Amino acid sequence: MELLDGKATAEALKQDIAAKVDEIKAAGGKVPHLAAVLVGNDGGSKTYVNNKVLACERVGFDSTLIELPEETSEEELLALVEKLNNDDKIDGFIVQVPLPDHIDEDKVTQTIHPRKDVDGFHPENLGRMMLGLPTHISATPNGIVELLKRNNIETSGKHCVVVGRSNIVGTPMSILMSRNANPGNCTVTMVHSRTTNMKEICASADILIVAIGKPEFVTADMVKQGAVVIDVGTTRVPDDSRERGWRLTGDVDFDGVKDKCSYITPVPGGVGPMTIASLMQNTLNAISMK
Ligand code: GUN
């Protein structure tokens, strides 16, 4: 088994982005500027958003973090989104999800201007991705594609099983892996909570991508010998041995599965860093979409 080191791969991608930013600066061009909006006090979301802002610093982008209280109304948030849409200083922005229950996430996503939607969540961007047109592709699936590419993982003709059908990971992931591209050209099966023969289908995967949000859901009996396993899960599970009282756990039983697969992503240090690097890439791309 070899570790698919997302941290190292993300560093390499961020170095490439930083070099482009240096070129932009040298030519007197506009430095990319990402804004991140965080509503409420969810600890996990705070960490993710802070990491996104830190990554901006690392690659030389400008960044703005906007933190709003839990009680922020939908109307107030939509007004902020409109303001960011019309702010020429901001090239791209994200609104971290999940949002508090009283705010309609779809409404917020659909109000973000597609050109500034560096998360790739807007219906126009998802539609363009489906058609293979240039667009912002959601950071997690795009990061996984980049991870496979930079580590020379062969995907053509392989059976790829995607576990989970979320709008931000499973659904776009299944489309990206099936398209006529490299990485891509897989035969894709998507499985989800209502799939009856989950174990058999997963065990037939050459490439198994798991984004179901259930800690250690995939066990060794669900993995084919020699499979490539990509674990998107990041659940905080209680752990008294850690000072902070929790640890991040993936959707795959890493210790049980690791000796069976050819490659596996660790949690943390696998998909997470690639998601952030991929968001930086989308923000860089946004400046030439004007
Ligand atoms: N919550 C979990 N992943 C993401 C992401 O990629 N973007 C945003 N905006 N929120 C998230």
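Read the numbers this way: they start at 1 and go in the same order the structure lists the ligands and their atoms. From a predicted model like this one, the values you see are computed outputs, not experimental measurements.
In this structure, Y48 has no heavy atom closer than 4.0 Å to ligand 1.
Polar contact check, T140 against ligand 1: no nitrogen or oxygen pair lies under 3.5 Å apart. Of the polar atoms of V95, at least one N or O is found under 3.5 Å from an N or O of ligand 1, judged by distance alone. On a distance-only criterion, V97 and ligand 1 share at least one N/O pair closer than 3.5 Å.
Between V145 and M173, the closest heavy-atom pair is CG2-CE, 4.0 Å.
Under the 3.5 Å distance criterion, with hydrogens and angles disregarded, no donor-acceptor pair is assigned to the side chains of T135 and R115. Q96 and K52 form a side-chain donor-acceptor contact under 3.5 Å, judged by distance and modelled atom types alone.
Counting protein heavy atoms only, atom 11 (C) of ligand 1 is closest to Q96 NE2, 3.3 Å. For atom 3 (N) of ligand 1, the closest non-hydrogen atom of the protein is I168 CD1, 3.9 Å.
Relative to atom 7 (N) of ligand 1, the option among D119, L38, T234 with the closest non-hydrogen atom is D119.
With rounding to the nearest 0.5 Å, the separation of CZ in F254 from CE in M1 is 4.5 Å.
Only the side chain of K52 comes within 4.0 Å of ligand 1, counting heavy atoms alone; its backbone N, CA, C and O stay farther away.
A side-chain donor-acceptor contact under 3.5 Å links D117 to the backbone of H122. Using a distance-only test at 3.5 Å, with no hydrogens or angles considered, no donor-acceptor pair links the side chain of T283 to the main chain of G92.
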